[in-house]
Amino acid sequence: IGAYQVTLDSGQKITFIDTPGHAAFTAMRARGAHVTDIVIIVVAADDGLKEQTIEAINHAKAAHVPIIIAINKIDKHAADPARVKNELLGQELVVEDMGGDILCVEVSATKKMNLDKLQEAILLQAEIMDLQANPHRDAVGSIIEAKIEKGRGPVATVLIQNGTLHAGDIFVAGMEFGKVRLLVDDKGQRVEEATPGTPIEVLGFDGVPHAGDTFLVVKDEAKARDVSEHRRLKMREKVVAQESST
């Protein structure tokens, strides 16, 4: 799973979280649906709906997130967008040109066909939803991925969902806490802050958080340590209770 941000010619920005389509990545798709504002379901025009496509649709429905359909590979000889749209009816998704309200764009990633129309569809859906965030508050976000890197220690990619994250901020994420030591954007550049909608790599964790954990800036290290210890205690109690019941 990865997260990156694109800047359009208009200056507007769209952040994408890329979740793999392979069957093994069920949990990633479920988390992705819960941290995004809009879900784009990519379906191959020459292949139709697969089991994991239907699973992704169900995750989006369960998270009550609007869906946009991108029918990819329309440049291929075997492409049949009409077949895909008919298969979507079986999932109760009716695209606009069939009288429904689901935005659908036919694209080719390799030929770069209609990608601008897909961007327009995303911006239109965002406008309809009146998506807004307040950059003038402490940052709140979600952990997209986390790992330990040699020479860097625990590193996590955070999607900032509200507020602005600054270098030096104290934070809590799940059972871990820390102080922002370094912020690196999706282009690999060091930055001093991350505004709402920004995917940012954060260094300064005391341990590795879990993907899906809430990331929250707090006022001081004592508060962060207290919250972290409380959550670890609750987790230990939960594990002991489960072991006792088996």
Side-chain angles (χ1 to χ4, degrees), residues 1-10 12-129 131 142 144-145 157 159 161 186 197 199 211-212:
I1 188 169
Y4 53 94
Q5 191 173 69
V6 298
T7 302
L8 311 185
D9 292 339
S10 63
Q12 292 171 293
K13 296 179 179 181
I14 302 174
T15 297
F16 292 92
I17 298 175
D18 184 21
T19 53
H22 306 294
F25 296 102
T26 298
M28 282 188 179
R29 285 194 289 276
R31 286 196 299 267
H34 281 88
V35 299
T36 52
D37 297 302
I38 300 165
V39 169
I40 301 168
I41 303 290
V42 182
V43 189
D46 63 339
D47 218 4
L49 269 63
K50 294 294 186 184
E51 186 177 330
Q52 54 264 37
T53 315
I54 295 169
E55 176 197 276
I57 290 169
N58 290 334
H59 285 319
K61 286 180 177 179
H64 303 291
V65 182
I67 293 171
I68 294 175
I69 301 295
I71 301 179
N72 191 26
K73 302 184 181 180
I74 60 167
D75 57 301
K76 299 187 78 170
H77 279 304
D80 189 356
R83 172 194 160 201
V84 173
K85 293 173 185 178
N86 280 315
E87 288 182 354
L88 287 167
L89 291 174
Q91 302 304 314
E92 301 177 337
L93 296 181
V94 186
V95 300
E96 280 190 320
D97 61 359
M98 296 183 76
D101 58 357
I102 300 293
L103 296 176
C104 178
V105 187
E106 298 176 16
V107 304
S108 167
T110 55
K111 304 287 186 184
K112 296 187 173 12
M113 293 170 59
N114 295 338
L115 297 184
D116 56 339
K117 291 183 179 178
L118 180 58
Q119 292 172 342
E120 288 170 12
I122 294 167
L123 294 176
L124 174 61
Q125 185 67 62
E127 190 175 333
I128 291 169
M129 296 167 68
L131 295 175
S142 188
I144 302 299
E145 58 184 351
T157 299
L159 176 65
Q161 294 165 297
D186 58 325

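- Note that CG of Leu103 is 13.5 Å distant from NZ of Lys117, once rounded to the nearest 0.5 Å.
- Here the closest heavy-atom approach between residue Ser142 and residue Val35 is recorded as OG-CG1, 3.2 Å.
- For the pair Ile40 and Phe16, the minimum side-chain heavy-atom distance is below 4.5 Å.
- Taken from CD1 in Ile102 to CD1 in Ile41, the straight-line distance is 10.0 Å, to the nearest 0.5 Å.
- When all heavy atoms are compared, the tightest approach of Ala121 to Val105 is CB-CG2, 4.0 Å.
- Distance check: Ile67 CD1 to Leu93 CG gives 5.0 Å after rounding to the nearest 0.5 Å.
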Can you list the steps and then say if Leu88 with Leu49 is a side chain to side chain contact (heavy atoms under 4.5 Å, CB included)? CA-CA 8 Å; Leu88 287 167; Leu49 269 63; 4.0 Å; yes

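- Between atom CG of residue Leu89 and atom CE of residue Met98 there is a gap of 4.0 Å, rounded to the nearest 0.5 Å.
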Expected list for residues 69-79: side-chain donor-acceptor pairs under 3.5 angstrom, two or more places apart:
from, atom 1, to, atom 2, distance (Å)
Asn72, OD1, Ala109, N, 3.0
Asp75, OD1, Ser108, OG, 2.8
Lys76, NZ, Asp46, OD2, 3.2

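- Taking all atoms of both residues into account, the shortest heavy-atom contact from Val84 to Ala44 is CG2-O, 3.9 Å.
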For the pair Gln125 and Ile68, evaluate side chain to side chain contact (heavy atoms under 4.5 Å, CB included) and give the outcome as yes or no after the intermediate values. CA-CA 9 Å; Gln125 185 67 62; Ile68 294 175; 4.1 Å; yes

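- Interatomic distance, Ile14 CD1 to Ile122 CD1, rounded to the nearest 0.5 Å: 4.5 Å.
- For the pair Arg83 (side chain) and Ala45 (backbone), a donor-acceptor distance under 3.5 Å is absent.
- Heavy atoms only, all atoms of each residue included: Lys61 and Gln91 are closest at NZ-O, 2.5 Å.
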Could you walk me through whether Cys104 and Glu96 pass side chain to side chain contact (heavy atoms under 4.5 Å, CB included), step by step? CA-CA 7 Å; Cys104 178; Glu96 280 190 320; over 6 Å; no

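- With values rounded to the nearest 0.5 angstrom, Leu123 atom CG is found 11.0 Å from Ile128 atom CD1.
- Considering only heavy atoms from C-beta on, Lys50 stays 4.5 Å or farther from Glu55 through its side chain.
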Checking Asp18 against Tyr4 for the side chain to side chain contact (heavy atoms under 4.5 Å, CB included) test, could you report, in this order, the C-alpha distance in whole Å, the side-chain angles of both residues, the deciding distance, and whether it holds? CA-CA 8 Å; Asp18 184 21; Tyr4 53 94; 4.2 Å; yes

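- The main-chain N or O of Gly48 is never found under 3.5 Å from a side-chain atom of Glu87 such that the two would form a donor-acceptor pair.
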